[in-house]
Number of protein chains: 2
Amino acid sequence: MRRDSRLSVALHVLLHMEELGPVVTSEAIGRLMKANPVVVRRTMGGLRDAGIMCSAKGHGGGWSLARKLDSVTLADVYEALGMPALFSIGPRHESPGCLVEQAVNGALGKVLGEAEALLMKQLRSTSVADLARSVQRGAARSAKKGTATHV
Amino acid sequence: MRRDSRLSVALHVLLHMEELGPVVTSEAIGRLMKANPVVVRRTMGGLRDAGIMCSAKGHGGGWSLARKLDSVTLADVYEALGMPALFSIGPRHESPGCLVEQAVNGALGKVLGEAEALLMKQLRSTSVADLARSVQRGAARSAKKGTATHV
DNA sequence: GCCTCATGCCACTATTTATGTTACATGAGT
DNA sequence: ACTCATGTAACATAAATAGTGGCATGAGGC
């Protein structure tokens, strides 16, 4: 697959939860995400273990929010997913003997590390509830002047 | 393969060029990088097209520097490689119809974009010659107090 | 002029990772 | 009992980098 979209999917699911009702099945989520229900369960399993969502088996079961979305940051969701790798570039060897390669790894590692720190800082400073508010703003905007795709 | 290591390899090669002599074959480079000569040619081909390196066929041919390393930034090398994707995470759909997904994409795209901007800024502000100097510093350090692997 | 060396390029394989899919067990509710 | 939904295992699919062999091309040396 091209890129890891689990964070995108997990956030998308969280934002739909309140709208869709207190309990939603993996199958319904899968339809929304255009994804397989098993993939949904796999992805959301981390959120359950992290105490962000609940899952219930059996008749009337499904997924529900375990806590308010203003207490969940994007970083919480990212960590709940197991902190998948952020970058697709990286060093060739982890612990090279070559001094030159060590220097290259050090320099690139430092640059990537700072970019990651900035990224994580922003993920920590944004709650899923913040995101929900931006959805409302976006909806208002697109209602006024037509849809505008972003990114 | 785990991650894209072309930037790492290209920088490693550039830093070894002056030391190895004016002309180096793909096969010799491949030995240093523990990589296949064809992979070396593929990777370095971009640097040739970007005017960073020269390649010569035939007897006595091989790779050589096309200009001084203080005129080449890490960003130049990255662009010469075709600007491979930096992040391994991203949106699930590029242009979703769902407003919620649009907002998620927008928010994540903004965060990733800022991290990328910081990354590129640092790549632009570092020349390969700067890296070479850090190699010398690293060598001096490890000569004094034993090897210390980084990253 | 022929031979050798090295790049350029092609096609194919190997490896890794996220995602898709099927199948089956478990447990909750009617 | 029967049905529904999760949990999980096992395998298939897709995409990208890296590895590999083969062949054409061109530059030097003899």
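Labels below follow one simple rule: chain letters A, B, ... track the order of the sequence lines, proteins then strands, and each chain is numbered from 1.
- OP1 or OP2 of C/dT15 has not a single side-chain nitrogen or oxygen of B/R3 nearer than 4.0 Å.
- Rounding to the nearest 0.5 angstrom, the gap separating the CG atom in A/L74 from the CG atom in A/D130 is 8.0 Å.
- Using a 4.5 Å cut-off on side-chain heavy atoms (C-beta onward), B/R6 and B/P84 make contact.
- Look at CZ on B/R31: it is 17 Å from C1' on D/dG19, rounded to the nearest Å.
- One finds a side-chain N or O of B/S55 lying less than 4.0 angstrom from the OP1 or OP2 phosphate oxygen of C/dG8.
- Under 3.5 Å, the side chains of B/T25 and B/W63 contain no donor-acceptor pair of N or O atoms.
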Give each protein N/O atom lying under 3.5 Å from an N/O atom of nucleotides 26-30 of chain D, with the pair distance.
from, atom 1, to, atom 2, distance (Å)
D/dG26, N2, B/G58, N, 3.1

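- Between A/R42 and A/W63, the residue anchored closer to the 5' end of DNA chain D is A/W63, taking for each the nucleotide with the nearest heavy atom.
- Dashed line: the shortest gap from a side-chain N or O of B/T25 to OP1 or OP2 of C/dC5 is not under 4.0 Å.
- Checked against D/dG19, C/dG20, C/dT21, the side chain of A/A35 finds its nearest nucleotide in C/dG20.
- One can place CG of A/D4 at 12 Å from P of C/dG20, the figure rounded to the nearest angstrom.
- Side chain of B/S26, nearest nucleotide from D/dA18, C/dT7, C/dG20: C/dT7.
- Protein atom CG of A/D49 is 13 Å distant from nucleotide atom C1' of D/dT6, rounded to whole Å.
- For the segment residues 75-90 of chain B, the set of residues with a heavy atom within less than 4.0 Å of an atom of DNA chain C is empty.
- Taking 4.0 angstrom as the limit, A/N36 places a side-chain polar atom (N or O) nearer than this to OP1 or OP2 of C/dT21.
- Residue B/S5 places at least one side-chain N or O under 4.0 Å from the OP1 or OP2 atom of D/dA18.
- Looking only at side-chain heavy atoms (C-beta outward), B/L11 and A/V100 stay at 4.5 Å or farther from each other.
- A 4.5 Å side-chain heavy-atom check between A/L15 and B/V104 finds at least one atom pair inside the cut-off.
- For A/E114, the CD atom is densely surrounded, since the number of other residues' heavy atoms within 6.0 Å is greater than 12.
- Nucleotide C/dT7 holds its P atom 11 Å from the CE atom of B/M53, rounded to whole Å.
- Hydrophobic clustering of Ile, Leu, Val, Met, Phe, Trp and Tyr side chains at less than 4.5 Å, counting indirect connections, unites A/V128 with A/M120.
- Distances shorter than 4.0 Å separate some side-chain N or O of A/R48 from OP1 or OP2 on D/dG7.
- Distances shown here put every side-chain N or O of A/R41 at or beyond 4.0 Å from the OP1 or OP2 atom of C/dG20.
- Between A/R48 and A/M44, the closest side-chain pair of non-hydrogen atoms is not below 4.5 Å.
- A/I89 has its side chain within reach of A/L112: a pair of non-hydrogen atoms, C-beta onward, lies under 4.5 Å apart.
- If you measure from atom CD of A/E27 to atom P of D/dT3, you get 18 Å, rounded to the nearest angstrom.
- Of the two residues contacting DNA chain C, namely B/G61 and B/R92, the nearest-nucleotide position lying further toward the 5' end is that of B/G61.
- With a 4.5 Å cut-off on side-chain heavy atoms, B/L108 and B/F87 do not count as touching.
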